[in-house]
Number of protein chains: 2
Amino acid sequence: MGSATLDRLTPRAREIVRTAAELLEGEGPEALSMRRLGAALGIRASSLYEHVRDKQALEAALISVGFEEQAEVLAAAADGAAEPIAALFAAYRDFARRRPNLYRLMTERPLPREQLAPGVEAAAAVPLVRATAGDQERARAIWSFAHGMVILELNGRFPPGADLDATWRKGLAAFTA
Amino acid sequence: MGSATLDRLTPRAREIVRTAAELLEGEGPEALSMRRLGAALGIRASSLYEHVRDKQALEAALISVGFEEQAEVLAAAADGAAEPIAALFAAYRDFARRRPNLYRLMTERPLPREQLAPGVEAAAAVPLVRATAGDQERARAIWSFAHGMVILELNGRFPPGADLDATWRKGLAAFTA
DNA sequence: GTCTATACCCGGATAGAC
DNA sequence: GTCTATCCGGGTATAGAC
């Protein structure tokens, strides 16, 4: 539950990032504006700049925290699982459904890698790379399938009646054959 | 090359949609505003509303045309191919790279299905469903992999040195085993 | 069919007072 | 640390004149 990213911030900045995360998830991406974030905290947007460099830095913090949480849930899922890939799929999907807007923020633009907390991106990838015994190509192919499933689901792109559990099983079978 | 969607529009509306497509692809999604579209056509934004209901309708037209083009290139690729799935992968990736911003427009939000030209979404899916002999679960799993590969590439989410051709081959092997 | 003018909304960010 | 005031930018859309 602890976040190294949050821990390196001042208490007030921590509060801001936390509130931003709630705003993003609770009211959608358009709610993540400096004005609305200020309002949610009971201060003016201009006051935020005392604690946060700019909006980019705020988003980078959100993304870093997202990677930390993702790393945690994925590692926990794979740990000692009889079928690690299946367990990772379930945990990956679960994370994306619990934090759909954060998940989009983390995936739909180029990563601001220089602004992220060091190592968080790699840490989130570790469980899958482990599960493929270090085969990076296979790990990336599996990740692409999982991301495709997740993002198409979040974006409402599958036909209304689609049986996604069955589709996940198809993918699992393909990649573990 | 003919587009049923465009053919049903007045000449001026057709011109508008065409220009919008060029603007979107050439200058990015933020360029797709009524003001900038008007400017590209040499008229005021307000004049566009004589020809296009609103921005949603314009985007729906762009998406419909996108599906038509996609259906065409996918069908052509699969036609008589020795390895239809491999051919579809290549054509799918090629389409997304040629029209990255249109591809994003087509996939990153829920489809405005009521506003699309009838049948275009289904038509784009036909080649893949054929290639899986009607197995919809398999078709969806393959689509998810392809979409994941494509969108993660477009969004710059793979590590800088990643060998994506190799990753595509891994996915192909998994789904055609 | 296009114009001007306008209504409304939103955004990020800074200067300088307190 | 927060404020007000302000600067800049952007957007969709309508009314009414020509």
Side-chain angles (χ1 to χ4, degrees), chain A residues 6 8-64 101-102 104-105 108-112 114-116, chain B residues 6 8-64 101-102 104-105 108-112 114-116:
Chain A
L6 288 177
R8 283 191 294 102
L9 301 175
T10 63
R12 191 60 167 144
R14 192 151 49 224
E15 200 182 350
I16 288 170
V17 174
R18 254 192 232 292
T19 304
E22 292 171 14
L23 206 53
L24 171 64
E25 219 49 86
E27 308 194 25
E30 74 290 345
L32 197 62
S33 76
M34 300 305 270
R35 289 189 214 259
R36 291 185 67 170
L37 176 56
L41 285 155
I43 62 176
R44 301 289 167 182
S46 58
S47 305
L48 294 169
Y49 292 86
E50 194 68 28
H51 309 284
V52 169
R53 188 191 209 20
D54 56 20
K55 203 193 172 186
Q56 274 207 336
L58 176 68
E59 290 183 349
L62 288 172
I63 293 171
S64 292
N101 294 316
L102 178 58
R104 285 198 190 88
L105 186 66
E108 71 186 6
R109 280 182 296 174
L111 275 184
E114 326 71 31
Q115 296 192 74
L116 297 185
Chain B
L6 288 178
R8 281 192 295 100
L9 302 175
T10 63
R12 191 59 165 146
R14 192 151 49 226
E15 200 182 350
I16 288 170
V17 174
R18 255 193 233 291
T19 304
E22 292 171 13
L23 206 53
L24 171 65
E25 219 49 85
E27 308 193 24
E30 74 290 346
L32 196 63
S33 77
M34 299 305 270
R35 288 192 218 256
R36 292 184 66 170
L37 176 55
L41 285 154
I43 62 177
R44 300 290 166 182
S46 58
S47 305
L48 293 169
Y49 292 86
E50 194 69 26
H51 308 283
V52 168
R53 187 193 209 18
D54 56 20
K55 202 193 173 186
Q56 272 207 339
L58 176 68
E59 290 184 349
L62 289 171
I63 293 171
S64 291
N101 294 316
L102 177 58
R104 285 198 188 87
L105 185 66
E108 73 185 5
R109 281 182 296 175
L111 276 185
E114 327 71 31
Q115 296 192 75
L116 297 185

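In the text below, chain A, chain B and the rest are named by the order of the sequence lines, each starting its count at 1.
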Taking every non-hydrogen atom, the tightest pair across B:His51 and B:Ile16 = CB-CD1, 3.5 Å
So, with a heavy-atom separation below 4.0 Å from DNA chain C, the residues of residues 43-61 of chain A are A:Ser46, A:Tyr49, A:Asp54, A:Lys55
Residue pair A:Leu58, A:Leu37: steps toward the side chain to side chain contact (heavy atoms under 4.5 Å, CB included) verdict = CA-CA 11 Å; A:Leu58 176 68; A:Leu37 176 56; 3.5 Å; yes
Exercise answer: donor-acceptor pairs, residues 27-35 of chain A side-chain atoms, under 3.5 Å, sequence neighbours excluded:
{"residue": "A:Glu27", "atom": "OE1", "partner": "A:Arg36", "partner atom": "NH2", "Å": "2.8"}
{"residue": "A:Ser33", "atom": "OG", "partner": "A:Arg36", "partner atom": "N", "Å": "3.1"}

Under a 4.0 Å heavy-atom cutoff, the residues of residues 34-41 of chain B touching DNA chain D are B:Met34, B:Arg35, B:Arg36
Does the side chain of B:Glu59 come within less than 4.5 Å of B:Arg109's, by heavy atoms?
-> yes
Can you tell me if CZ on B:Arg104 sees more than 12 non-hydrogen neighbours from other groups inside 6.0 Å?
-> yes
Between CG on residue B:Asn101 and CG on residue B:Leu62, distance to nearest 0.5 Å | 11.0 Å
Heavy-atom distance under 4.5 Å between the side chains of A:Leu41 and A:Arg12, does that happen here?
-> yes
Rounded distance in Å - CD (B:Glu30) to P (D:dG11) | 10 Å
A:Gln56, CD atom: more than 12 neighbouring heavy atoms under 6.0 Å | no
